[in-house]
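All remarks here apply to the structure that follows.
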2 protein chains.
Amino acid sequence: MERRLTARGRERRRQLLDFAAERFATRGYHSTSVTDIIEGVGVGKGVFYWYFSSKEELFLEILREAMVELRQAQQEAIADEPDPVHRIEVGIRSSLVWLDTHRNLFALLEFAVGEERFGPALRHGQKIAVADVARQVEMGMEQGRIRHGNPELLTHAILGVTNQLTRVFIHERGGRGSDIADDAVAFCLGGLLGQDKILSSALPHTTVR
Amino acid sequence: MERRLTARGRERRRQLLDFAAERFATRGYHSTSVTDIIEGVGVGKGVFYWYFSSKEELFLEILREAMVELRQAQQEAIADEPDPVHRIEVGIRSSLVWLDTHRNLFALLEFAVGEERFGPALRHGQKIAVADVARQVEMGMEQGRIRHGNPELLTHAILGVTNQLTRVFIHERGGRGSDIADDAVAFCLGGLLGQDKILSSALPHTTVR
DNA sequence: GGTGTTCTTGACCGGTCGGTCAAGAACACC
DNA sequence: GGTGTTCTTGACCGACCGGTCAAGAACACC
C-alpha cells in the first residue's frame with residue numbers, strides 16, 4: 001500500500017528530484033552516482049532509497065515531469081487559437097522558450113532518447129504531442145495552405161529543427177529561445193507551405209514529385 | 001615510437017573496432033564493458049590493451065572514422081555540381097542514404113553529441129561540414145535564390161531535419177533513406193527558399209521580419 | 001638454433017557502484 | 001508515557017568495472 005508522506009517528507013523528496021535533475025543534466029546520468037546526489041542534498045544513503053526504489057526510477061520520474069511540463073506549456077500557448085498554421089507557429093515559439101528556460105530538462109530529454117531504458121518512455125510521451133501537431137498539419141493541408149505530404153514526417157521535421165537549433169544556439173552557445181524563434185518559424189513554415197512551383201523553379205536539374 | 005603492426009595484428013585490431021562499434025551502437029557505450037568486447041571477439045583482455053590504451057580511446061577512434069566516412073560520402077555525392085541549391089539537395093540525400101546504410105554509426109554520433117568526453121570531438125568534426133553547407137547557403141543568398149538569414153542557423157535547421165527523420169523513420173521504424181529523401185529535401189528547400197510573400201500570406205496574425 | 005618483436009592469456013588489482021539494513025531520531029496521536 | 005509511523009544514518013555488501021602484468025606462443029629474420 002502506498003505510503004503517506006508528510007510535508008517534511010515531500011519537501012525532502014522534492015530536494016532529491018531537483019538536485020538530481022540538475023546533476024543528471026550537467027554531468028550525465030551515468031556519471032552521476034547516488035552518492036553524488038545524497039551528498040549534494042546533504043542526507044544519508046537510506047533517505048534516497050526511502051523515497052525512490054532505484055536511481056533509474058528517479059530518472060524516469062524526472063523525465064515524466066519534464067514531458068508533462070513541456071506539453072502544458074505548449075497547450076497553454078496555443079490555447080484557443082483557431083488557425084492551424086498559426087497554432088503550429090505558436091507551438092514552435094513556446095517550445096523554444098520553454099526549452100530555453102529549462103535547459104537542464106532539455107539535456108535530459110536529449111540524453112534519454114538514445115537510452116534503451118528511457119527512450120521508450122520518452123517516445124511514448126512524445127507520441128501524443130506529435131499526433132497533436134500532425135493534426136494541425138493535416139488541417140492546414142485540408143485548407144490547401146500546407147502542401148500535400150506525410151503529416152507525421154513533417155511534424156518530425158519541425159521537431160528536428162527545434163531540437164537542433166535549441167542544442168546549438170541555446171544549449172551550446174548560450175543564446176535565447178526568442179533569438180532564434182523567428183528564424184525557426186520561418187524555416188519550418190517555409191518547409192510546410194513551400195509550393196511545388198517554388199521548388200521547381202529553384203531546382204533546374206530536378207523534377208519535384 | 002609507434003609500434004608496427006603485422007597484417008595479423010591489423011586484422012585483429014579491425015575486429016575489435018568493428019565489434020565494439022556494433023556493440024556501442026546497440027547496447028550503449030556505458031552498458032558495454034571491455035569484457036563484453038573481448039568475449040565477443042573471442043580474445044583475452046590483454047589483446048584489447050595491446051591495441052588500445054583505453055575503452056575511451058577505442059570509442060573516439062570509431063567516432064573519428066564515422067565522421068570521416070560520412071564526410072567523404074557527402075563530398076563524393078556533391079562532386080563538381082556547380083549549383084549551390086542543388087549541392088545542398090544532393091548533400092541531404094547522400095547524408096540520408098549514408099545514415100541509412102550505417103545505422104550503427106548514426107547511433108554512435110547521436111550518443112556522442114551529448115557526452116562531455118566525446119561531444120567536443122564530434123562538434124569539432126562537424127564544424128567543418130557545417131561551414132561547407134553554410135557556404136552553399138550564402139552563395140544561394142547571393143544569387144537571390146535563398147531568402148536572407150543566418151546561414152549557419154539555416155544549416156543547423158537542415159541538420160536537425162536530417163537527423164530527426166533518420167532517427168524516427170530509419171532508426172526506429174526501419175525505413176529507408178531513399179523513402180524520406182524527397183520529403184526531407186522538399187521541407188528543407190522550402191525552409192530555405194520560402195519567400196516573405198508566402199510567409200505573410202500564410203500568417204494573417206503575424207508580421208514577418 | 002638464437003634473437004627480437006608482435007601477439008596472446010587470464011589471474012589479479014584497487015576502486016567504485018547500486019542497493020540493503022539494523023538502529024535510532026523525529027513526530028503525531030492517544 | 002506508550003505506541004506507531006515517517007524520516008534518517010552510514011557501515012556494509014556483492015558485483016562489476018577498467019586496467020595491469022608476468023608469462024608464454026607465434027612469427028620473422030639472421
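As the structure is a computational prediction, the values presented were derived from the model and not from experiment. Lettering follows sequence order; numbering is per chain, from 1.
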### Message
Please determine whether a side-chain nitrogen or oxygen atom of Y51(B) lies at a distance below 4.0 Å from atom OP1 or OP2 of dT8(C).
### Response
yes

### Message
Closer than 3.5 angstrom, by distance alone: can the side chain of R103(B) be matched with the main-chain N or O of D100(B) as a donor-acceptor pair?
### Response
yes

### Query
CZ of R14(A) versus C1' of dC7(D): gap in Å, rounded?
19 Å

### Message
Taking any heavy-atom pair under 4.0 Å as a contact, classify V34(B): base, sugar-phosphate, or nothing.
### Response
sugar-phosphate

### Query
Between G46(B) and T6(B), which has a closest nucleotide on DNA chain D that is more 5'?
G46(B)

### Query
Can you say whether the rings of F52(B) and F48(B) are parallel (under 30°), tilted (30 to 60°) or perpendicular (over 60°)?
tilted

### Query
Between R117(A) (side chain) and E56(A) (backbone), is there a donor-acceptor pair under 3.5 Å?
no

### Query
Which nucleotide, dT9(C), dT20(D), dC7(C), lies nearest any side-chain atom of Y49(B)?
dT20(D)

### Selected nucleotide, minimal atom distance to K55(B) side chain, candidates dA26(D), dG19(C), dG19(D)
dG19(D)

### Query
Which is true for S54(B) with a 4.0 Å heavy-atom rule: it touches a base, it touches only sugar-phosphate, or it touches nothing?
sugar-phosphate

### Message
So if I take every side-chain heavy atom of S33(B) and compare against dT9(D), dG18(D), dC7(D), which nucleotide ends up nearest?
### Response
dG18(D)

### Query
How far apart are the closest heavy atoms of A66(B) and L109(B), and which atoms are they?
CB-CD2, 4.4 Å

### Query
Relative to the 5' end of DNA chain D, which residue comes earlier, A7(A) or F48(B), by the nucleotide with the nearest heavy atom?
A7(A)

### Query
Considering only dG18(D), dC7(C), dA26(C), which nucleotide approaches the side chain of W50(B) most closely?
dC7(C)

### Query
Looking at residues at least two apart in the chain, or sitting in another chain, which of them share a side-chain contact (heavy atoms from CB on, under 4.5 Å) with M139(A)?
P84(A), Q136(A), E142(A)

### K55(A) side chain to Y29(A) backbone, donor-acceptor under 3.5 Å
yes

### Message
Donor-acceptor check, side chain of S94(A) to backbone of G91(A), threshold 3.5 angstrom: yes or no?
### Response
yes

### Message
At 4.0 Å (heavy atoms only), tell me whether T32(A) reaches a base, stays on the sugar-phosphate, or touches nothing.
### Response
sugar-phosphate

### Message
With a 4.0 Å cutoff (strictly under), does any side-chain N or O of R12(B) reach OP1 or OP2 of dT8(C)?
### Response
yes

### Query
When rounded to the nearest 0.5 angstrom, what is the spacing between CD1 in I180(A) and CD in Q164(A)?
10.5 Å

### Message
I need the CZ-P distance between F52(B) and dC7(C), as an integer number of Å.
### Response
12 Å

### Summary
Among the nucleotides dT20(C), dT6(C), dA11(C), whichever has the atom closest to the side chain of K45(B) is dA11(C)

### Message
Measure CG/L5(A) against C1'/dA26(C) and give the value in whole Å, please.
### Response
15 Å

## Note on the structure
In whole angstroms, the gap separating C1' of dC17(D) from OH of Y29(B) amounts to 12 Å

### Task
Determine which bases of DNA chain C form Watson-Crick or G-U wobble pairs with both distances under 3.5 Å, and write the result as a 5' to 3' dot-bracket string with | for other-strand partners.
||||||||||||||||||||||||||||||

### Query
Q15(B) has an atom CD; how far is it from atom P of dC7(C), in whole Å?
13 Å

### Query
Whole-Å distance between dC16(D) P and H30(A) NE2?
17 Å

#### Entry: Atom-pair distance (CG on L58(A); C1' on dG19(C)), nearest Å
14 Å

### Task
Take atom CZ of R27(A) and atom P of dC17(C), then tell me their distance rounded to the nearest Å.
13 Å

